[in-house]
Amino acid sequence: MEQPQIRTKISELVYSDAFGQNFLVKGWVRTKRGNKHVAFIALNDGSCIHNLQVVADVAAFDEELLRNVTTGACVAVCGKLVPSQGQGQSVELQATSIYLYGKADPDVYPLQKKGHSLEFLREIAHLRPRTQTFGAILRIRHAMAFAIHKYFNDHGFFYLHTPIITASDCEGAGAMFQVTTLNLSEPPRTESGEVDYAQDFFGKPANLTVSGQLEGELGAMALGAIYTFGPTFRAENSNTPRHLSEFWMIEPEMAFYEIQDNMDLAEDFLKFLIAYALEHCADDLAFLEKMYDAELTDRLRFVLDNRFVRLSYTEGVEILLRSGAKFEFPVSWGMDLQSEHERYLVEQHFRCPVILTDYPKEIKAFYMKQNTDGKTVRAMDVLFPKIGEIIGGSQREEDLEVLQRRVEELDLPQKDLWWYLDTRRFGSAPHSGFGLGFERLLLFVTGMVNIRDVIPFPRTPKNADF
RNA sequence: UCCUCAGUAGCUCAGUUGGUCAGAGCACCUGACUGUUAAUCAGGGGGUCCUAGGUUCAAGUCCUAGCUGGGGAGCCA
């Protein structure tokens with residue numbers, strides 16, 4: 001019988017009814033079962049959550065070959081697609097030839113057919129993509145990245161590549177990683193003994209970006225609406241299931257958007273992404289629901305079907321004060337809301353995503369547009385059940401004098417911000433934007449609870465392996 | 001960074017008051033079984049009890065410090 005030369009992905013076969021036809025598949029062995037007459041090989045090639053059941057008549061194959069077909073091994077299989085006699089799958093491949101690409105010594109291959117803890121899998125991040133769980137997560141991650149580009153493209157936004165390396169220290173979003181080519185054991189010194197950054201690569205101190213927003217605003221004030229989608233770096237010593245040192249962030253920035261438009265966009269955007277996941281990642285979501293989170297798709301549908309509650313910080317504080325709930329940190333107007341307060345509003349009071357707006361200006365960034373009350377700014381935080389703040393954004397202050405006054409009040413280095421202030425000096429306009437933490441979105445969509453499990457190779461304090 | 005819990009076989013864990021305490025299940029190996037579904041059944045091999053000190057006649061067990069991981073908090077997306 002003629003052997004097919006073209007490889008077929010398993011995702012194309014598991015729902016196929018091309019019975020009697022020959023196919024060539026290539027993938028990694030998940031498990032092998034059977035007896036001395038017949039072997040069942042569960043093969044996965046990453047194209048979908050499902051394994052293809054390969055059936056091998058033991059007598060028809062070299063004994064040594066089959067002995068090396070173990071969990072983790074990589075093989076190519078030619079065979080005939082037939083309806084499965086067994087219960088777990090609708091099709092199976094009757095193998096006519098098997099080629100062993102790479103063995104995986106069962107004594108030392110870390111992955112077993114048994115389930116593994118997520119903590120253990122983090123220690124073998126180079127191999128965990130081969131598990132069903134991480135296959136599902138990484139496919140969903142891809143789908144969400146694609147959907148993000150699709151949404152913005154379809155809505156007339158332009159993808160702007162803001163810099164990864166920045167020499168401005170005023171992004172105001174936490175500690176930064178320094179970028180230098182100086183010899184750290186013997187850096188050049190100035191006459192006064194300080195490190196002489198004039199001799200550094202960029203001639204001044206440089207860092208990895210903590211946000212593309214400031215440059216994003218420059219793009220919005222020219223192209224009308226832009227978004228960024230790239231890696232972001234925070235050198236904070238944060239050790240939580242919701243923080244990474246390196247993560248991906250989406251930051252749309254829109255000219256002529258006021259805060260209400262900003263909220264409309266954020267809600268529509270998030271709902272589009274969730275709907276996209278439900279439509280395009282159904283099998284992977286079903287797996288995660290079965291294994292980790294029985295309410296996963298219910299929760300996704302709930303967010304899709306309900307309008308986000310919108311209320312001001314002041315109203316939120318009043319609800320918390322009236323609630324009678326006991327909080328570790330007592331609520332008062334002017335304080336930043338603690339996790340417990342946000343959770344109360346989202347999970348106890350409204351039981352729905354909440355957009356909080358108009359925060360006290362003292363607890364928000366300098367660039368946010370000040371309200372006429374003199375006390376609050378047009379900030380907006382989108383709070384989700386289980387994961388808290390998923391989006392932070394605001395209308396930006398477009399008035400040069402007001403913005404400059406705020407820069408002075410906060411003692412920010414105005415000379416480094418000249419280019420940012422120029423947008424207010426020349427053709428200023430109302431504009432808004434927000435930042436969406438990509439991995440936080442993925443936490444919500446996948447139902448995972450630790451952010452280290454929704455990025456292929458997590459970077460956290462004391463961990464940059466792989 | 002703070003609080004808290006944990007670290008024993010490849011994995012998940014048990015190990016009582018400090019005294020036969022080196023254990024189980026799974027994985028792996030060998031054998032059995034003509035269609036399995038985390039296959040099943042029988043047998044076998046497998047240990048720096050996280051590290052360094054300390055207390056004690058005696059430490060997996062108690063004390064101190066450190067390292068690593070989980071959970072909570074802060075910072076934030």
Side-chain angles (χ1 to χ4, degrees), chain A residues 30-42 50-51 53-59 67 70-72 82-89 92 94 104-124 131-132 171-175 210-213 228 231-251 266 291 327-329 336-343 363-365 381-384 387-393 434-444 449-455 460-463 465:
Chain A
R30 285 289 164 75
T31 96
K32 187 178 68 172
R33 295 177 293 270
N35 52 48
K36 68 173 146 185
H37 299 280
V38 62
F40 301 95
I41 301 159
H50 304 292
N51 299 329
Q53 171 151 282
V54 172
V55 186
D57 182 1
V58 171
R67 194 167 35 243
T70 57
T71 300
V82 297
S84 179
Q85 299 172 33
Q87 290 302 306
Q89 58 285 318
E92 63 191 29
Q94 288 281 354
D105 183 349
D107 279 340
V108 289
Y109 184 62
L111 289 172
Q112 305 169 357
K113 51 178 115 176
K114 287 272 295 178
H116 291 292
S117 68
L118 294 169
E119 291 83 2
F120 173 67
L121 292 174
R122 272 172 226 148
E123 295 170 9
I124 51 167
T131 63
Q132 284 193 293
E171 289 170 348
V210 293
S211 165
Q213 180 201 315
T228 73
T232 309
F233 307 88
R234 305 269 168 97
E236 301 287 352
N237 193 6
S238 299
N239 293 287
T240 84
R242 295 178 305 282
H243 291 86
L244 291 165
S245 308
E246 175 184 296
F247 63 99
W248 289 65
M249 189 156 62
I250 298 101
E251 295 180 288
M291 299 301 289
F327 297 112
E328 189 186 342
F329 297 91
D336 209 353
L337 296 183
Q338 308 288 311
S339 291
E340 56 176 343
H341 306 138
E342 296 178 350
R343 274 204 310 274
I363 60 173
K364 287 295 182 184
D381 284 2
V382 181
L383 309 178
F384 260 36
I387 58 172
E389 183 179 343
I390 193 169
I391 276 179
F434 59 80
L436 167 67
F438 187 48
E439 285 78 15
R440 292 210 177 153
L441 169 76
L442 287 170
L443 281 180
F444 186 75
V449 293
N450 192 313
I451 201 162
R452 293 162 192 160
D453 296 330
V454 296
I455 188 167
T460 52
K462 299 276 192 286
N463 179 21
D465 289 340

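Proteins get letters first, then strands, A, B, ... in listed order; numbering begins at 1 in each. Computed from a prediction, not measured in an experiment: that's the story for all the values here.
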Using only side-chain N and O atoms of A:R452, determine if any of them is under 4.0 Å from OP1 or OP2 of B:G70. yes
What distance, rounded to whole Å, do you find between the two C1' atoms, one in B:G47 and one in B:C13? 15 Å
Does B:A42 pair with anything, Watson-Crick or G-U wobble, both distances under 3.5 Å, and if so, with which nucleotide? B:U30
Could you check whether A:G435 gets within reach of a base, just the sugar-phosphate, or nothing at all, counting any heavy atom under 4.0 Å? sugar-phosphate
Donor-acceptor contact below 3.5 Å, side chain A:E92 vs main chain A:V82: no
Pick base, sugar-phosphate or nothing for A:I250, based on heavy-atom distances below 4.0 Å to the nucleic acid. nothing
Whether A:N35 contacts B:C33 is assessed here as follows: a side-chain N or O lying under 4.0 Å from the phosphate OP1 or OP2. Is that the case? no
Looking at every strand, decide which applies to A:E119 at a 4.0 Å heavy-atom threshold: base, sugar-phosphate, or nothing. sugar-phosphate
Is A:R33 side chain donor-acceptor paired with the B:A38 base, going by distance under 3.5 Å alone? no
Can you tell me if the side-chain N/O atoms of A:S339 get under 4.0 Å from OP1 or OP2 in B:G74? yes
Across the strands shown, which category fits A:K36 at heavy-atom distances under 4.0 angstrom: base, sugar-phosphate, nothing? base
Atom P, compared across B:G18 and B:C63: separation rounded to whole Å: 10 Å
What nucleic acid atoms does A:I390 come within less than 4.0 Å of, heavy atoms only: base, sugar-phosphate, or nothing? sugar-phosphate
Quick check: any donor-acceptor pair below 3.5 Å linking the side-chain of A:S238 to the base of B:C75? yes
Whether each nucleotide of nucleotides 4-9 of chain B has a protein heavy atom under 4.0 Å at its base (B), only at its sugar-phosphate (S) or at neither (-) is summarised, 5' to 3', as ------
I want to check one thing: is the phosphate of B:G71, taken as OP1 and OP2, less than 4.0 Å away from some side-chain N or O of A:N450? yes
Does A:A104 offer a backbone N or O that forms a donor-acceptor pair with the side chain of A:T70 under 3.5 Å? yes
Between the protein and nucleotides 46-51 of chain B, list every N/O to N/O distance that falls short of 3.5 Å.
none

Heavy atoms under 4.0 Å, any strand shown: does A:E92 hit a base, just sugar-phosphate, or nothing? base
Compare the ring of A:F40 with the six-membered ring in the base of B:G35 and state whether they stack (centres under 5.5 Å, planes under 30°). no
Pairwise 5' ranking along RNA chain B for A:T31 and A:N463, keeping only the more 5' one: A:T31
Touch check for A:F247, heavy atoms < 4.0 angstrom, all strands: base, sugar-phosphate only, or nothing? base
Assign A:D107 to base, sugar-phosphate, or nothing according to its heavy-atom contacts below 4.0 angstrom with the strands shown. sugar-phosphate
OP1 or OP2 of B:U36 under 4.0 Å from side-chain N/O of A:Q53: no
So what does A:Q338 hit on the nucleic acid, given a heavy-atom distance under 4.0 Å: a base, only sugar-phosphate, or nothing? sugar-phosphate
Hey, is the side chain of A:H116 pairing donor to acceptor with the base of B:C11 inside 3.5 Å? no
When you measure from the side chain of A:E340 to the backbone N and O of A:E328, does any donor-acceptor pair fall under 3.5 Å? yes
Within the modelled atom types, does a donor on one side and an acceptor on the other bring the side chain of A:H37 and the base of B:C33 under 3.5 Å apart? no
Pair of N/O donor and acceptor under 3.5 Å linking B:G10 base with A:Q112 side chain: yes
Have a look at A:E389 and say if it touches a base, only the backbone sugar-phosphate, or nothing, with a 4.0 Å heavy-atom cut-off. sugar-phosphate
Distance test, side-chain N/O of A:R242 to OP1/OP2 of B:A73, below 4.0 Å: yes
Check: B:G35 base within 3.5 Å donor-acceptor of A:Q94 side chain: yes
At under 4.0 Å between heavy atoms, what does A:P106 touch on the DNA or RNA strands: base, sugar-phosphate, or nothing? sugar-phosphate
Report yes if at least one side-chain N or O of A:R122 is closer than 4.0 Å to OP1 or OP2 of B:U68; otherwise report no. no
